[in-house]
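We're numbering straight along the sequence, starting at 1.
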Amino acid sequence: MLLQLCCRRVEKCLMKKVVFITGTRADFGKLKPLIQASLDRKELETHVYVSGMHLLKTYGNTYREILREDYPNVRLQKNRCDTPYMDLNLARLTEDLSAYIREIQPDLIVVHGDRIDAMAGATVAMLNGIRLGHVEGGEVTGTVDEAIRHAISKMANVHFVANSESFLRLRQMGEDERNIFVIGSPDIDVMLSDELPELDAVKQKYQIPFREYAVLIHHPVTSELDRLAGDIQNIMRALEQSGDDFIAIYPNNDSGTKQILSCYARYQNSAHFRFFPSLPFEVFLTFLKNAKYIVGNSSCGVREACVYGVPAIDIGTRQKNRYAPELLPNIQHVEADTAEVLRAIADTSAYRVATSYFGDGHSAERFGQLLKEEKIWNTRVQKCFLDAEETKRAIQVYHNEVCF
């Protein structure tokens with residue numbers, strides 16, 4: 001008995017620890033299949049650190065959704081990120097996460113995308129000599145998120161990207177292609193599963209009276225706060241005039257969110273809108289899959305809507321450069337102008353086109369296989385910038401021609 005106990009303790013000590021950091025309803029939907037893939041690897045000890053929007057009542061206390069998954073090792077951020085200042089929230093999060101990471105000493109930290117929760121995870125990993133895995137790096141957007149995403153990529157040791165375009169962009173950024181793995185977008189695994197709830201059931205549970213409906217998700221663009229109030233008023237005016245019904249999800253907690261929520265408050269009693277701080281990911285997918293269209297500036301209109309072929313009306317600059325129109329023909333791009341939005345709504349039936357540009361539903365399988373391989377765990381923590389061949393040639397010409 002004593003020998004068995006000692007063997008178990010030795011085995012536990014030899015297990016590698018993986019920490020997944022989730023701060024929003026969106027990144028949890030992406031990370032959930034990967035967390036399960038890690039849990040399926042018996043040689044790994046899987047941890048989940050829950051922070052940011054998950055812990056805020058305004059956005060539905062979505063940490064409860066994670067607790068319902070009954071993961072074995074879950075830690076909630078202790079000092080909540082509830083100020084209107086993103087930099088202060090980042091500082092608080094980094095402080096709490098640093099203490100947690102020093103406590104459990106993980107071998108790999110996994111973050112997703114471009115939020116401050118991922119930035120905090122990347123900073124703590126880099127400055128403590130811990131390998132960092134970044135999911136869905138190498139993508140571009142039209143707001144401050146892009147700079148955050150690229151900064152995280154430069155701190156990451158291993159990259160799990162959605163497609164070849166992202167692979168090439170990371171290589172252009174000086175990343176070692178041997179550490180970039182194309183796995184697809186993990187949420188597509190959930191989107192294409194046969195375990196989504198039925199539409200009638202979720203309509204009844206969430207008291208949706210609409211026979212047909214569209215989805216609204218619009219986030220603040222932090223570099224355009226001076227025009228935000230006017231933009232959201234124009235958008236809501238267009239949606240009201242369209243005569244359609246809408247399931248509206250609250251924006252994220254970036255600076256400017258209060259302006260959007262203030263505008264929404266004027267429509268709370270409208271028969272055409274049902275507002276939700278948040279929805280469980282699978283429930284949201286059922287609503288999206290069956291929607292007439294999605295409108296706003298959420299990445300859902302770019303990343304998820306195309307999988308189902310749901311028409312998307314992308315408003316403003318937030319998703320600028322995120323997609324090529326010829327590759328995602330379900331998207332119309334418009335400015336936050338009432339007449340433009342109304343014209344796009346009238347044309348949505350011509351944009352019901354599905355694509356598999358971001359993945360095929362096997363991301364978790366690929367991720368789990370990579371976790372089995374030594375190259376992930378042997379990746380050097382110390383990074384170096386790798387010049388592309390054309391850069392090397394240009395540098396050599398420069399060395400040959402310049403004399404000081």
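Applying the salt bridge (charged side-chain N to carboxylate O under 4.0 Å, His left out) test to Lys203 and every residue at least two apart in sequence or in another chain returns nothing. Residues satisfying the salt bridge (charged side-chain N to carboxylate O under 4.0 Å, His left out) criterion with Glu340, sequence neighbours excluded, are absent altogether.
The NE2 atom of His333 sits 10.5 Å away from the CD1 atom of Ile331 when rounded to the nearest 0.5 Å. Rounded to the nearest 0.5 Å, atoms CE (Met86) and CG (Asn253) are 7.5 Å apart. With rounding to the nearest 0.5 angstrom, the CD1 atom of Ile180 is 11.0 Å from the OG atom of Ser164. Distance check: Glu304 CD to Leu288 CG gives 7.5 Å after rounding to the nearest 0.5 Å. Going from atom CG of Leu216 over to atom CD1 of Ile249 covers 8.5 Å, rounded to the nearest 0.5 Å. Considering CZ of Phe28 and CG of Asp187, their distance stands at 12.5 Å, rounded to 0.5 Å.
Contact between Pro220 and Ile260 at its shortest, heavy atoms only, is N-CD1, 3.6 Å. Residues Ile35 and Phe20 approach most closely at CG1-CG, 3.6 Å, considering heavy atoms. Closest approach of Arg274 and Pro209 over heavy atoms only: CG-CD, 4.3 Å. In terms of heavy-atom proximity, Gly60 sits nearest to Pro277 at N-CB, 3.8 Å.
Between the side chain of His47 and the backbone N or O of Val18 there is no donor-acceptor pair closer than 3.5 Å. Proximity of a side-chain donor or acceptor of Thr338 to a complementary backbone N or O of Asn234 within less than 3.5 Å is detected. Of the possible polar contacts, one joining the Asn330 side chain to the Val310 backbone as a donor-acceptor pair under 3.5 Å is found. The closest donor-acceptor contact from the side chain of Thr286 to the backbone of Pro197 lies under 3.5 Å. A donor-acceptor pair under 3.5 Å links the side-chain atoms of Thr379 to the main chain of Lys375, judged by distance alone. Of the possible donor and acceptor atoms, none in the side chain of Ser262 sits under 3.5 Å from a partner among the backbone N and O of Lys258. Under a 3.5 Å cut-off, the side chain of Tyr308 and the backbone N or O of Met191 do form a donor-acceptor pair. Arg131 places no side-chain N or O within 3.5 Å of a backbone atom of Asn157 that could act as its donor or acceptor partner.
His159 and Ser153 are not linked by any side-chain donor-acceptor pair at a separation below 3.5 angstrom, with hydrogens and angles left out of the test. Asn297 and His219 form no side-chain donor-acceptor contact under 3.5 Å, judged by distance and modelled atom types alone. Side-chain contact check for Asn89 and Arg92: no donor-acceptor pair (N or O, by modelled atom type) lies under 3.5 Å. Side-chain contact annotation: Gln36 with Asp40, donor-acceptor N/O pair under 3.5 Å present. Asn79 and Gln77 form a side-chain donor-acceptor contact under 3.5 Å, judged by distance and modelled atom types alone. No donor-acceptor contact under 3.5 angstrom links the side chains of Ser166 and Glu136, judged on distance only. The closest side-chain donor-acceptor pair between Asp347 and Tyr293, if any, does not fall under 3.5 angstrom. No donor-acceptor contact under 3.5 angstrom links the side chains of Thr141 and Arg149, judged on distance only. If you check the side chains of Arg102 and Ser98, you find a donor sitting under 3.5 Å from an acceptor.
No more than 12 heavy atoms of other residues, nucleotides or ligands lie within 6.0 Å of CD in Gln207, so this atom counts as exposed by the packing criterion. With a 6.0 Å radius and a threshold of 12 heavy atoms from other residues, nucleotides or ligands, Asn269 has its CG atom at or below the threshold. Remark: Lys383 NZ is packed, more than 12 non-hydrogen atoms of other residues, nucleotides or ligands lying under 6.0 Å away. In this structure, Tyr85 places its OH atom where only 12 or fewer heavy-atom neighbours from other residues, nucleotides or ligands lie under 6.0 Å away. Heavy atoms of other residues, nucleotides or ligands lying less than 6.0 angstrom from CD of Glu95 number 12 at most. In Gln268, the CD atom is crowded: over 12 heavy atoms of neighbouring residues, nucleotides or ligands sit closer than 6.0 Å. The environment of NZ in Lys154 is crowded: more than 12 heavy-atom neighbours from other residues, nucleotides or ligands sit within 6.0 Å. Summarising the local packing, CD of Glu198 is surrounded by 12 or fewer heavy atoms from other residues, nucleotides or ligands at distances under 6.0 Å.
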*asked:* Show, in sequence, the C-alpha distance, side-chain angles and deciding distance for Asp107 and Lys17, and conclude whether the salt bridge (Lys or Arg N to Asp or Glu O under 4.0 Å) test is met.
replied: CA-CA 5 Å; Asp107 300 279; Lys17 295 180 183 178; over 6 Å; no
*Does the salt bridge (Lys or Arg N to Asp or Glu O under 4.0 Å) test come out yes or no for Asp360 and Arg366, once each step is laid out?*
CA-CA 11 Å; Asp360 58 4; Arg366 296 186 183 102; 2.8 Å; yes
*asked:* Let's go through Glu240 and Ser270 carefully: what are the C-alpha distance in whole Å and the side-chain angles of both, what is the deciding distance for side-chain hydrogen bond (donor to acceptor under 3.5 Å, both in side chains) to 0.1 Å, and is it a yes or a no?
replied: CA-CA 9 Å; Glu240 185 178 43; Ser270 169; 5.2 Å; no
*asked:* Before you tell me yes or no, could you show the steps for Arg322 and Glu139 under salt bridge (Lys or Arg N to Asp or Glu O under 4.0 Å), namely the whole-Å CA-CA distance, both residues' side-chain angles and the distance that decides it to 0.1 Å?
replied: CA-CA 7 Å; Arg322 193 83 183 265; Glu139 301 183 16; 3.0 Å; yes
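The residues Asp189 and Lys32 are annotated as not salt-bridged, no charged nitrogen and carboxylate oxygen being separated by less than 4.0 angstrom. Between Asp117 and Arg115, none of the side-chain N atoms (NZ, or NE/NH1/NH2) sits under 4.0 Å from a carboxylate O, so this pair counts as no salt bridge.
Between Phe275 and Tyr264, the ring planes are tilted. Angles from 30° to 60° get that label.
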